[in-house]
Amino acid sequence: MLQKTAQCALEYGRQFIPQGAVADYIPELGKADPNQLGLCLFTKDGQKIMCGDVDQRFTIQSICKVISLATALQCEGFDKVFAKVMMEPSGDAFNSILKLDLASNRPYNPMINAGAIEVVSMLTPRFTFEQLLEYARILCMDDDIVLDEAVYHSEKATGDRNRAIAYLLKSKGVLEGDELKTVDLYFRMCSLSVNARSLAGLGLTIANGGVDPNNGVRLLDERVVRVVKTLMLTCGMYDGSGEFAVRVGIPAKSGVGGGIMGCVENRMGIGTYGPALDEKGNSIGGRQMLEYLSRELHLHIFDSLNA
Ligand code: GLU
């Protein structure tokens with residue numbers, strides 16, 4: 001039944017692909033095949049539903065912001081993190097510098113680049129990339145995640161805007177430590193190679209309150225997960241977050257590599273892959289598949305039929 005609905009969601013989402021385009025501002029991302037589409041659901045009761053291109057590896061990009069935020073909250077605590085970054089939707093593009101320069105010293109939220117770079121600056125003195133990679137593997141239930149060297153070097157070579165954000169944060173006294181080391185760690189985290197299955201695994205860990213349902217091990221504190229899910233709902237889909245919350249109502253985070261990770265409270269994690277993006281930077285096929293699933297399975301957070 002779930003398999004059939006997922007298959008229908010895939011066919012539905014496929015129709016929208018021609019309206020999107022692959023991101024190419026990081027040159028290596030431009031090589032993705034826009035026609036690929038994959039959908040994976042991991043349910044709390046152990047079902048693993050997969051359709052389409054679920055094995056295709058791509059880079060996690062902005063979805064790593066969820067992992068960095070969870071890690072920072074876990075080790076620095078709520079007050080320290082939110083002394084440096086706010087919790088408000090910005091309504092601007094993910095890489096915007098405008099409000100940071102004009103309206104506030106603190107980035108608006110941890111899901112935009114400025115906020116994520118600030119959050120990563122808190123991790124830089126404490127963790128090596130290898131430690132964070134290992135943590136990502138555990139949270140995503142995927143031991144095969146590695147650094148995609150080609151995308152990492154491509155982003156590093158062209159990432160002047162992110163370096164500019166880091167320097168601006170430094171000039172305002174919000175970012176401590178070495179700004180270039182921080183941006184380097186941020187680029188590496190964005191370049192983790194995942195697939196739709198890894199994102200479903202991460203979604204399930206979060207949907208299950210931070211506990212791995214396979215073995216009952218607590219990976220994240222419940223209060224950390226609550227903050228992360230709230231920010232995914234309000235800020236996770238770039239400046240399309242409001243409309244996505246109304247139409248789909250699943251806390252989710254997207255990345256310009258074409259992935260979307262969603263979590264349905266207490267029920268399932270969802271991973272989608274489709275590198276053709278809409279004008280806001282969200283996977284167009286992924287977004288439409290999630291809307292279809294939300295409608296058919298009553299997954300909206302405020303759906304009264306939500307089990
Ligand atoms: N590495 C990308 C950047 O910083 C992430 C963007 C994204 O996925 O939103 O530009």
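A quick note: this is a predicted structure, and the numbers were derived from the prediction, not measured. Residue numbers start at 1 and run along the sequence shown.
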Q.
Whether the N195 and D55 side chains hold a donor-acceptor pair (N or O, under 3.5 Å, no angle test) is what I'd like checked.
A. no
Q) Are Y12 and Y292 close enough that their ring centres sit under 6.0 Å apart? A) yes
Q: Please report the shortest heavy-atom distance between S283 and G258, naming the atom on each side.
A: CB-O, 3.5 Å
Enumerate, atom names and distances included, each donor-acceptor pair closer than 3.5 Å involving a side-chain atom of residues 114-125, sequence neighbours excluded.
from : atom 1 : to   : atom 2 : distance (Å)
S121 : OG     : E118 : O      : 2.6
T124 : OG1    : V120 : O      : 2.8
T124 : OG1    : T182 : OG1    : 3.1

Q: Give the intermediate values and the outcome of side-chain contact (heavy atoms from CB on, under 4.5 Å) for residues E155 and N162.
A: CA-CA 10 Å; E155 177 157 9; N162 285 324; 3.7 Å; yes
Q) Just by distance, do the side chain of N208 and the backbone of V211 share a donor-acceptor pair under 3.5 Å? A) yes
Q) Just checking, any donor-acceptor pair under 3.5 angstrom between side chains of D278 and Q19? A) no
Q) Does the S171 side chain pair with the main chain of L168, one donor and one acceptor, at a distance under 3.5 Å? A) yes
Q) Taking all atoms of both residues into account, what is the closest heavy-atom pair of F58 and A196, and its distance? A) CE2-N, 3.8 Å
Q: Please confirm whether the backbone N or O of L139 pairs with a side-chain atom of T205, one donor and one acceptor, at under 3.5 Å?
A: yes
Q. Considering residues at least two apart in sequence or located in another chain, which fulfil the side chain to side chain contact (heavy atoms under 4.5 Å, CB included) criterion with K80?
A. E76
Q.
Just so I know, are the side chains of N282 and L277 near enough to count as touching, which here means a heavy-atom distance under 4.5 Å?
A. no
**Q.** Residue pair R197 / C40: nearest heavy atoms and the distance that separates them
**A.** CG-SG, 3.6 Å
Q.
Quick check: is V85 connected to Y108 through a chain of hydrophobic side chains (ILVMFWY, heavy atoms under 4.5 Å apart)?
A. no
(Q) Under a 3.5 Å distance rule, please check whether R218 uses its side chain to pair with a backbone N or O of G209 as donor and acceptor. (A) yes
Q: Count the heavy atoms belonging to other residues, nucleotides or ligands that lie under 6.0 Å from CZ of R295, then report whether that count exceeds 12.
A: yes
Q | Side-chain donor or acceptor of T272 paired with backbone N/O of G259 under 3.5 Å | A | no
Q) Is any side-chain heavy atom of R14 closer than 4.5 Å to a side-chain heavy atom of E11? A) yes
Q. P110 and K65: which non-hydrogen atoms are nearest, and at how many Å?
A. O-CB, 3.8 Å
Q. Is it true that D148 and R57 make a salt bridge, defined as a side-chain N closer than 4.0 Å to a carboxylate O?
A. no
Q | Pair E291-Q288, side-chain contact (heavy atoms from CB on, under 4.5 Å): steps then yes or no | A | CA-CA 5 Å; E291 188 168 337; Q288 295 291 345; 4.1 Å; yes
Q) Does the distance from a Lys or Arg side-chain N to an Asp or Glu carboxylate O, for D45 and R267, drop under 4.0 Å? A) no
(Q) What verdict does the side-chain contact (heavy atoms from CB on, under 4.5 Å) test give for L192 and L133, after you've listed the backbone C-alpha separation in whole Å, the side-chain angles of each residue and the deciding distance to 0.1 Å? (A) CA-CA 8 Å; L192 297 178; L133 168 62; 3.7 Å; yes
Q: Check whether any side-chain heavy atom of D33 lies under 4.5 Å from a side-chain heavy atom of P275, and answer yes or no.
A: no
(Q) Give me the atom names and distance for the closest heavy-atom approach of D303 to L299. (A) OD2-N, 4.4 Å
Q. Out of curiosity, does I60 fall in the hydrophobic cluster containing Y186 (side-chain heavy atoms, cut-off under 4.5 Å, transitive links)?
A. yes
(Q) When you compare the side chain of E296 with that of T5, does any pair of heavy atoms fall below 4.5 Å? (A) yes
(Q) Salt bridge check, R163 against E179: does any charged N sit closer than 4.0 Å to a carboxylate O? (A) no
Q. Are any of the side-chain nitrogens in K156 or D184 under 4.0 Å away from the carboxylate oxygens of its partner?
A. yes
Q | Inter-residue atom distance S198.OG - D144.CG, 0.5 Å rounding | A | 8.5 Å
Q. Less than 4.5 Å apart, any side-chain heavy atom of L233 and any of I250?
A. no
**Q.** L37, I260, I284, I270 screened by side chain to side chain contact (heavy atoms under 4.5 Å, CB included) with M289, the one that passes
**A.** L37
Q. Between Q36 and Y273, is a side-chain contact (heavy atoms from CB on, under 4.5 Å) present by the stated rule, with each step listed?
A. CA-CA 7 Å; Q36 287 207 308; Y273 173 57; 3.5 Å; yes
Q) Does F82 reach the side chain of L73, with side-chain heavy atoms less than 4.5 Å apart? A) yes
Q: Mark yes or no for whether T59, through its side chain, and S191, through its backbone, hold a donor-acceptor pair below 3.5 Å.
A: no
**Q.** Charged tip of K253 within 45° of Y238 ring normal and under 6.0 Å
**A.** yes
Q) Does S62 use its side chain to pair, donor to acceptor, with the backbone of G255 at less than 3.5 Å? A) no
Q. Does the pair K84/E176 count as a salt bridge with the N-to-O cut at 4.0 Å?
A. yes
Q: Look at atom NZ of K48 and say whether more than 12 heavy atoms of other residues, nucleotides or ligands are closer to it than 6.0 Å.
A: yes
**Q.** Any donor-acceptor N/O pair, T234 side chain to T230 backbone, under 3.5 Å
**A.** yes
Q.
Side chains of Q61 and V256, heavy atoms from C-beta outward: is any pair under 4.5 Å?
A. yes
**Q.** Flag, side chain of H298 to backbone of L293, donor-acceptor distance under 3.5 Å
**A.** no
Q | Heavy atoms of other groups near K31 NZ, more than 12 under 6.0 Å | A | no
Q | Spacing of M232 atom CE and S241 atom OG [to the nearest 0.5 Å] | A | 10.5 Å
Q. Does the side chain of F78 come within less than 4.5 Å of R223's, by heavy atoms?
A. no
Q.
Using every non-hydrogen atom in the two residues, find where L41 and A6 come nearest and quote the distance to one decimal.
A. CD1-CB, 4.4 Å
